[in-house]
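Computed from heavy atoms alone, side chains included, the values below leave out hydrogens, waters and symmetry copies.
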Amino acid sequence: MGDGGADGGEKGKARFADLVALPDDEIPLDEAALLIAAQARPELDVGAELGRLDELAGGCGEATLDGLAQHLFTDLGFHGNTEHYQDPDNSYLDQVLERRVGIPIALSVVTMEVGRRLGVALDGVGMPGHFLVRHRADPATFLDPFDHGRRLDDQG
């Protein structure tokens with residue numbers, strides 16, 4: 001995708017179907033999420049948005065969990081939209097990247113995908129009414145991307 005053109009419409013739907021047919025651990029989460037956004041914004045260039053994720057990773061000073069959290073949540077100000085939670089733009093990855101605000105799962109996708117680019121492996125964890133990320137190298141460590149990347153442990 002991202003050949004300089006728009007990725008919405010039938011082309012985007014076909015690509016999305018191909019992606020979700022892959023085994024779960026092979027699905028490119030970033031591209032799949034952007035293809036969903038492209039259905040709302042057919043002019044969206046998925047390749048350009050993937051480049052924005054690359055740029056976010058490139059701007060991180062330290063390829064660690066702490067460095068990632070510092071970069072995304074302190075330096076760049078990614079956070080949850082507590083005032084307008086239901087705003088559809090909170091769910092579209094391109095808009096979350098643009099506005100640096102979103103819902104828990106969309107912010108988790110940003111965190112996981114920037115982390116992947118840095119070699120900081122994170123897994124998404126569905127919680128009752130919420131979504132967190134867990135550090136794969138230390139499964140007892142979680143981040144809450146909605147709450148400015150707040151670090152949690154098993155008890156939290």
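- Taking all atoms of both residues into account, the shortest heavy-atom contact from Arg41 to Asp94 is CD-OD2, 3.4 Å.
- Clustering ILVMFWY residues whenever any of their side-chain heavy atoms sit less than 4.5 angstrom apart, transitively, puts Val120 in the very cluster that holds Val110.
- The salt bridge (Lys or Arg N to Asp or Glu O under 4.0 Å) pairs that include a residue from residues 124-135 number zero, where partners must be two or more places apart or lie in different chains.
- Ser91 pairs by the side chain to side chain donor-acceptor pair (under 3.5 Å) definition with nothing, not counting sequence neighbours.
- We find the CG-CE distance between Asp144 and Met127 to be 9.5 Å, quoted to the nearest 0.5 Å.
- Take Glu55 and apply the side chain to side chain donor-acceptor pair (under 3.5 Å) test, not counting sequence neighbours, and it matches no residue.
- For CD of Glu26, the number of neighbouring non-hydrogen atoms (other residues, nucleotides, ligands) closer than 6.0 Å is greater than 12.
- In this view, Asn90 and Asn81, Arg99 satisfy the side chain to side chain donor-acceptor pair (under 3.5 Å) rule, not counting sequence neighbours.
- Here the straight-line distance linking atom CG of Leu132 with atom CG of Leu143 works out to 8.5 Å at 0.5 Å rounding.
- Nearest heavy-atom pair, Ser108 versus Phe131, reported as atom, atom and distance to 0.1 Å: OG-CD2, 3.4 Å.
- Residue Leu65 forms a side chain to side chain contact (heavy atoms under 4.5 Å, CB included) with just one option from Leu122, Asp138, Thr111, Val133, and that option is Leu122.
- Within the 4.5 Å cutoff, side-chain heavy atoms of Phe146 are placed close to those of Thr82.
- The shortest heavy-atom contact between Val96 and Gly102 is CG2-CA, 4.1 Å.
- Clustering ILVMFWY residues whenever any of their side-chain heavy atoms sit less than 4.5 angstrom apart, transitively, puts Val101 in a cluster other than the one holding Ile105.
- Of the N and O atoms on the side chains of Asp89 and His84, not one donor lies less than 3.5 Å from an acceptor on the other residue.
- A heavy-atom distance below 4.5 Å is not found between the side chains of Leu44 and Gln95.
- A donor-acceptor pair under 3.5 Å is formed between the side chain of His71 and the backbone N or O of Leu56.
- When all heavy atoms of Leu68 and Gly115 are compared, the pair lying nearest together is CD2-CA, 3.8 Å.
- Note: Gln70 CD to Thr64 OG1 = 9.5 Å, rounded to the nearest 0.5 Å.
- A donor-acceptor distance shorter than 3.5 angstrom exists from the side chain of Asp45 to the backbone of Ala48, with no hydrogens or angles considered.
- In this structure, OH in Tyr92 is found 15.0 Å from CG in Leu97, a value given to the nearest 0.5 Å.
- Partners of Arg116 according to the side chain to side chain donor-acceptor pair (under 3.5 Å) rule, which considers only residues two or more places apart in sequence or in another chain, are Asp30, Glu113.
- Annotation for Asp24: atom CG does not count as buried by contact number, only 12 or fewer foreign heavy atoms lying within 6.0 Å.
- With rounding to the nearest 0.5 Å, the separation of CG in Leu53 from CG in Leu34 is 6.5 Å.
- Here His79 pairs with His148 under the ring pair (Phe, Tyr, Trp, His ring centres under 6.0 Å) rule; sequence neighbours left out.
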Query - Steps toward salt bridge (charged side-chain N to carboxylate O under 4.0 Å, His left out) verdict (Arg151, Asp66) - result: CA-CA 9 Å; Arg151 186 183 280 246; Asp66 288 337; 2.3 Å; yes
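- How far CG of Asp75 is from SG of Cys60: 8.5 Å, rounded to the nearest 0.5 Å.
- Counting heavy atoms from C-beta outward, Glu49 and Leu93 have side chains that stay 4.5 Å or more apart.
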